[in-house]
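It should be emphasised that the depicted structure is a prediction, and the values quoted were computed from it without experimental measurement. Indexing begins at 1, ligand by ligand and atom by atom, following the structure's order.
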Amino acid sequence: MSFVKAIIPAAGLGTRFLPITKVIPKELLPILNKPAIHYIAKELIDSEIRECCLIINKEKRLLSHYFLPTNAPLKKVLSKKKSTILDSVDYLIDHLSYSYIFQKKPLGLGDAVLLANAFVENDFFSVLLPDDIITGPVPAQKQLLDSARNKQASVIGVTRVPLEKISSYGVIDVQEQINDRLFRVRKVIEKPTVSHAPSDMAIIGRYVLDPAIFKALDLVRLRLDNSELQLTDAIEVLINQNYPVFAYLIDGDRFDIGTPTGWLQANEHFEQLAKTD
Ligand code: G1P
């Protein structure tokens, strides 16, 4: 098991950030002078991931342009000025391979992950939702991967959220606390009402998953009509099939850049970080 592949589901419609997302994919909205997806790719590299597959749709094709080599005229101008401004992008291009799969219909996060089955093959793999930008002492995905390698099991990233916000998330029920940050999961529920929420620990967009999740996703799909296929429901199937699933309380600051408020907060935070650098 090498744990070196990651899926980035980026075919969401961006409805919480309209109207700008009518023309610009939310993953390309700037946090300071870099698009949000830049931070995700950097987190992957810092977590020793080598290959990523972005799930996009035809309106999101622009995303792939960011990871193409700089065009010749721009390269010429920059080299004349001895500018290093694009070095951080070249670094992303050199250290991670990028592939793309088109999701034709918005059938949910579970469907997006299922589309990348052939890319993943039979290994543990990462999933990073690019709406969630996380900064901390150790890259968020690396925190999960360390535990997943150690346990040879699925690990999902969680954070504590105020109960009034819990219905926006997948929520875990804890079976056992292993250490300060690691928990064995008994159950996961997608977007429960406050009264049905088993805890205040919400899934944020970081996962390391057992490849058995693909069969679980197929099973969930069988029960569905045309509604969205939820990744959380397939994780619940894994648990019921006795696959161990852990949750890791991520150490870091998390911003939901899928909304104007979260995006603004991320910008303020990164500006502060840049000042103290
Ligand atoms: C998705 C997941 C949910 C998770 C959330 C984190 O929901 O389905 O379990 O808590 O991401 O950002 P979405 O926000 O795409 O509706």
Side-chain angles (χ1 to χ4, degrees), residues 6-18 21 25-27 29 36-37 39-40 43 54-57 60 103 105-116 126-135 140-141 143-144 154-174 183 185-194 196-209 213 216-217 220-221 224 227-239 245-250 252-263 265-266:
I7 302 172
I8 306 176
L13 303 177
T15 49
R16 295 180 302 156
F17 218 136
L18 283 167
T21 44
K26 61 184 169 188
E27 298 80 5
L29 292 174
I37 196 71
Y39 297 85
I40 298 290
E43 181 181 331
L54 288 97
I55 314 300
I56 58 173
N57 59 36
K60 297 278 191 87
Q103 187 183 33
K105 289 186 190 154
L107 291 176
L109 176 57
D111 179 71
V113 171
L114 195 49
L115 287 171
S126 292
V127 177
L128 282 82
L129 307 189
D131 271 8
D132 288 305
I133 298 292
I134 306 171
T135 58
Q141 194 62 21
Q143 298 177 35
L144 301 195
S154 302
V155 180
I156 46 189
V158 293
T159 192
R160 292 188 192 276
V161 303
L163 271 185
E164 66 270 18
K165 294 200 173 147
I166 204 79
S167 309
S168 306
Y169 298 92
V171 182
I172 65 158
D173 187 13
V174 171
F183 303 83
V185 179
R186 179 188 292 127
K187 195 173 177 43
V188 284
I189 312 178
E190 181 67 7
K191 304 195 172 83
T193 57
V194 174
H196 283 99
S199 74
D200 64 347
M201 281 200 263
I203 301 173
I204 42 176
R206 299 293 183 272
Y207 309 77
V208 180
L209 295 171
I213 196 76
L217 282 162
V220 178
R221 165 147 293 157
L224 291 177
S227 48
E228 287 194 3
L229 178 53
Q230 297 295 347
L231 182 58
T232 306
D233 294 344
I235 296 172
E236 176 65 5
V237 169
L238 274 192
I239 297 171
V245 173
F246 295 86
Y248 191 88
L249 201 52
I250 291 178
D253 294 302
R254 172 229 171 210
F255 302 93
D256 176 5
I257 59 118
T259 68
T261 308
W263 171 79
Q265 287 165 347

Criterion side chain to side chain contact (heavy atoms under 4.5 Å, CB included) against P198, the qualifying member of V188, V174, D173: D173

Those residues that, when tested against Q143, pass side-chain hydrogen bond (donor to acceptor under 3.5 Å, both in side chains) (two or more places apart): none

Partners passing side-chain hydrogen bond (donor to acceptor under 3.5 Å, both in side chains) against T15 (at least two apart in sequence or in another chain): none

Side-chain heavy atoms of L163 within contact of I166, under 4.5 Å: yes

From V245, L231, L114, V127, residue fulfilling side chain to side chain contact (heavy atoms under 4.5 Å, CB included) relative to I213: L231

Could you list, one pair per line, each nitrogen or oxygen of ligand 1 together with any protein nitrogen or oxygen closer than 3.5 Å, giving atom names and the distance rounded to 0.1 Å?
residue: ligand 1; atom: 7 (O); partner: K191; partner atom: NZ; Å: 3.3
residue: ligand 1; atom: 8 (O); partner: E190; partner atom: OE1; Å: 3.4
residue: ligand 1; atom: 8 (O); partner: E190; partner atom: OE2; Å: 2.7
residue: ligand 1; atom: 9 (O); partner: G170; partner atom: N; Å: 3.1
residue: ligand 1; atom: 9 (O); partner: E190; partner atom: OE1; Å: 2.7
residue: ligand 1; atom: 9 (O); partner: T232; partner atom: OG1; Å: 3.3
residue: ligand 1; atom: 10 (O); partner: G170; partner atom: N; Å: 2.9
residue: ligand 1; atom: 10 (O); partner: I203; partner atom: O; Å: 2.6
residue: ligand 1; atom: 12 (O); partner: D132; partner atom: OD2; Å: 2.9
residue: ligand 1; atom: 16 (O); partner: K191; partner atom: NZ; Å: 2.6

Residues that D132 engages under side-chain hydrogen bond (donor to acceptor under 3.5 Å, both in side chains), provided they are two or more places apart: R254

